[in-house]
Amino acid sequence: MSDDLFSPRPLSPTRDHLAGLNEEQHLAVTTTEGPLLILAGAGTGKTRVLTTRFAHILLHHLAWPEQILAVTFTNKAAREMRERVSHLLGKPVEGLWLGTFHSLCARMLRQHAPRVGLERNFTILDADDQIRLLKQIMAANSIDLKRWPPAQLMHHIQLWKDRALLPEQITSAHDIDFANGKARSLYETYQTRLKELNACDFGDLMLHMVTIFRTHPEVLKQYQRRFRYILVDEYQDTNTIQYLWLRLLAKHGDQPANIACVGDDDQSIYSWRGADVTNILRFEQDFPGATIVRLEKNYRSTPRILGAASGVIAHNESRLGKTLHSGLDGKTGEHIDVINAPDSDEEARIVAVKIRELHDTGHNFGDMAILMRAGFLTRAFEETLMRSGIPYQVVGGLRFYERAEIRDGTAYMRALAHPSDDLAFERIINVPKRGVGQVALTRLREHARERGLSLQRTLEERLTHKEIKGKAATTLSDFMACFSRARKTLAKEGHVVATQQLLEETGYLDMWRQDQRTVEAAGRLDNLGELLRAIGDFPDLEAFLEHIALVMDADSVQNDTQRVSLMTLHAAKGLEFRTVFLPGWEEGIFPSQRSMDEGGLASLEEERRLAYVGLTRARERAIISHADSRRIYANWQDSIPSRFIDELPDEHVSLHRPKQRERSSFGRNFWQRSDTQEASLPRSPSLSRPRPKASRAPIAIGATVKHKRFGIGVVLNSDSEHLTINFEDAGQKTLMAGFVEVLS
DNA sequence: ACGGCCGCCATTTTT
DNA sequence: TGGCGGCCGT
């Protein structure tokens, strides 16, 4: 440890930042030598420790930035860490090896690509390309695509890659029942085709690097020497190949590596994606002599929330064991509300009412989040929130680059920058429609195959030799001419102008401009505008394409204080809110039946960790709810409360059941508060029964009403549930009857 | 080649 | 309930 710490250093940033740390955090930051495992519970200042440790190493000149390897799971986490370290140091840090596993591997692989049969400018395929390629291969092998879905095989290939298994290493032990035992050979063909296309998929980024490390010790040695300090975030979520990659880099020579891994076994929720909790559980064996620091002081949530979360997670058996203590002074906080709604519609309505109430008492909408087990559950909430005029955002969902127009746009760029990128070319050859269908495309592919050329080259040759006739000949000649012009522009005026010109001349932009049918067309043009703007942030197309392939969250406009966030529990990891709503705590939904069917007890424990993650997102208040009857797609299904509700310690919980359809007034007394004992009794499933119909007197047409957000309006139409109202300011809206006050 | 219609199917998804 | 893929008719 460095003596610098104690030498006189007026206003040293190090001093300042070490000063705010608690004892364990301090230890985690200053134990720079040797292996270190930081078990960081939720809300214990993990990010702060990581960034301070980073800054500590740099400030004490223990290493240069380029000698530090810092790995995160998300681009967002990497970005945040970079910003915070720069902030601590008071200047931007250059040269760091900081990024996601995949982006770091991509960076390495650009250097060593020839060793695995790729050129340096290889393309990184997106999920869509992967499936399309695999589909082609399967079709060529006369496999019934309906009986054997390509997506399923893709999934298995990914799992193999996650376990560092090359095609030749697939033995009967890993093999799967697919297409009469052809899975392994299809995997092999897929890998071969990737190399022919000078492309690799996401899994390959890691697989190739591990392969290179294993087959070229001198390359590995170079990196081992370079990285004096290694930091790993979210270690509980590493899969086998990431673990191997880390171990290859960290374990060498006699002296123990300076590897620091941060994680929380209780927040491991990605095992279904290949993450292996045992990586964190066996850290001490892997790195003998490791220091273990437990961060257990939580600075986020009230003691009650911590008590509830701890109570639930205590039911798990395979844990390293941690107990969160509150690091906040003051009150124990509010009880966890557990609300029993008669049905899922009512559940959504109750949540909406509660959101209004909290908003009226000083919450921003952005202080609240609704977190649920699965994406499809958001729908009911979206509908209700929309009708109640509560602003919301759905976090997750379709990411920017996953949208059709963005993928088309990048495919155009790929085809421009990499004439041999057949997959990109295939995607756009008939977008907009140029009369090239499946038949023409297959023929073109065959010709390309025979001549060993790319699709673009083949098409050009066939056009010049007049092997393509009729209307297609003209359209395609025009199309290819666009590319040659764009290439000239690329050389003369740069990639921004060239791309714009290409999308313009090929008619791609016009295609959306002319699309009057769909409401989304305008939004798509906006997105394309954003895409074109973003290209300018990069020196060339290569850099931009690399970015778009690896950094998927181009639209991370988070931190919206004006909207309630709706998201899955998975998406909520790492976030926090003043109030968290946790709906759908019902057997079969949460814990998910499907998950438990697949993975048994281990899955149940993972579901429980999800519950733990959900609860610990809350700073002040957690509101759990469950419905007796839930609408799933078209039909209604009775449900019983989740076992996790029973696992909540009684002393932290307050149970509620809403009064029978009291709609005339809402607000303060909406819930009938009941004693814990009393309310916990009748929690059995109700028998099938007809849908409860609202029995409230409908508000008369023509009545004047007042809405919190939209103001005064006149009722144009009404049924038992909804009102159509013409508001003086806001115009015509249809909303839930419960949200208006009748004035006359 | 393409558009319309029918029927199937719906977890979680950092990269 | 709604989105998507495949089949069929033009």
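Just so it is clear: chains get the letters A, B, ... in the order the sequence lines come, proteins before strands, and each one is counted from 1.
In this pair, A:Phe283 and A:Tyr235 present their aromatic rings perpendicular. The plane angle is above 60°, beyond the 30 to 60° band.
Contact annotation for A:Lys573: no contact, since no heavy-atom pair falls under 4.0 Å across all strands. A:Gln158 comes within 4.0 angstrom of nothing in the nucleic acid, heavy atoms only. Residue contacts for A:Thr568: at a heavy-atom cut-off of 4.0 Å it reaches the sugar-phosphate backbone alone, with no base atom in range. Across all strands shown, A:Gln242 has no heavy atoms under 4.0 Å from either base or sugar-phosphate atoms. Residue contacts for A:Gly375: at a heavy-atom cut-off of 4.0 Å it reaches the sugar-phosphate backbone alone, with no base atom in range.
The ring of A:Phe381 has its center no closer than 6.0 angstrom to the ring center of A:Tyr392. Ring-centre distance between A:Trp272 and A:His570: below the 6.0 Å cut-off. Taking the six-membered ring for Trp, A:His156 and A:Tyr187 have ring centres at least 6.0 Å apart.
There is no side-chain donor-acceptor pair under 3.5 Å between A:Asp276 and A:Tyr243.
Among B:dG3, B:dT13, B:dA10, the nucleotide with an atom closest to any side-chain atom of A:Lys433 is B:dG3. The side chain of A:His102 has B:dT15 as its nearest neighbour among B:dT12, B:dT11, B:dT15. Comparing B:dA10, B:dT15, B:dT13 by their nearest atom to the side chain of A:Tyr270 picks out B:dT13.
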Original post:
Can you list the steps and then say if A:Ser625 with A:Glu347 is a side chain to side chain donor-acceptor pair (under 3.5 Å)?
Top reply: CA-CA 7 Å; A:Ser625 55; A:Glu347 179 188 44; 2.7 Å; yes
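What separates CD of A:Glu606 from P of B:dT13 is a distance of 12 Å, to the nearest Å. Between A:Trp585 atom CH2 and B:dT11 atom P there is a gap of 21 Å when expressed in whole angstrom units. Taking atom CD on A:Gln152 and atom P on B:dA10, their separation rounds to 11 Å, with Å as the unit. Rounded to whole angstrom, the span from the CG atom of A:Leu550 across to the P atom of B:dT14 amounts to 14 Å. The interatomic distance linking A:Asn75 (CG) with B:dT13 (P) rounds to 16 Å, in whole Å. Spacing between atom CG of A:Leu371 and atom P of B:dT12 amounts to 15 Å, rounded to whole angstrom units. In this structure, A:Gln267 atom CD and B:dT12 atom P are separated by 20 Å, rounded to whole Å. The CZ atom of A:Phe202 sits 16 Å away from the P atom of B:dT13 (whole-angstrom rounding).
Neither OP1 nor OP2 of B:dT15 sits under 4.0 Å from any side-chain N or O of A:Ser103. In this structure, A:Asn430 reaches the B:dC2 phosphate: one of its side-chain N or O atoms is under 4.0 Å from OP1 or OP2.
Put simply, the side chain of A:Ser603 gets close to the backbone of A:Ser595: a donor and an acceptor are under 3.5 Å apart. Remark: the backbone N or O of A:Leu281 is not paired with any side-chain donor or acceptor of A:Thr278 at under 3.5 angstrom.
Checked by distance alone, A:Arg373 brings no side-chain donor or acceptor within 3.5 Å of a matching partner on the base of B:dT11. Evaluation of atom-type donor-acceptor distances gives no pair under 3.5 Å for the side chain of A:Arg273 against the base of B:dT14.
When each of A:Ser592 and A:Gln438 is assigned the nucleotide of DNA chain B bearing its nearest heavy atom, the one mapping closer to the 5' terminus is A:Gln438.
Under the stacking criterion of a centre-to-centre distance below 5.5 angstrom and an interplanar angle below 30°, A:Phe73 is not stacked against the six-membered ring of B:dT15.
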Original post:
What one-letter contact string describes nucleotides 1-10 of chain C from 5' to 3', where B marks a base within less than 4.0 Å of any protein heavy atom, S marks contact via sugar-phosphate atoms alone, and - marks no contact?
Top reply: BS----S---
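The glycosidic torsion of B:dT11 lies within 90° of 0, which places this base in the syn conformation.
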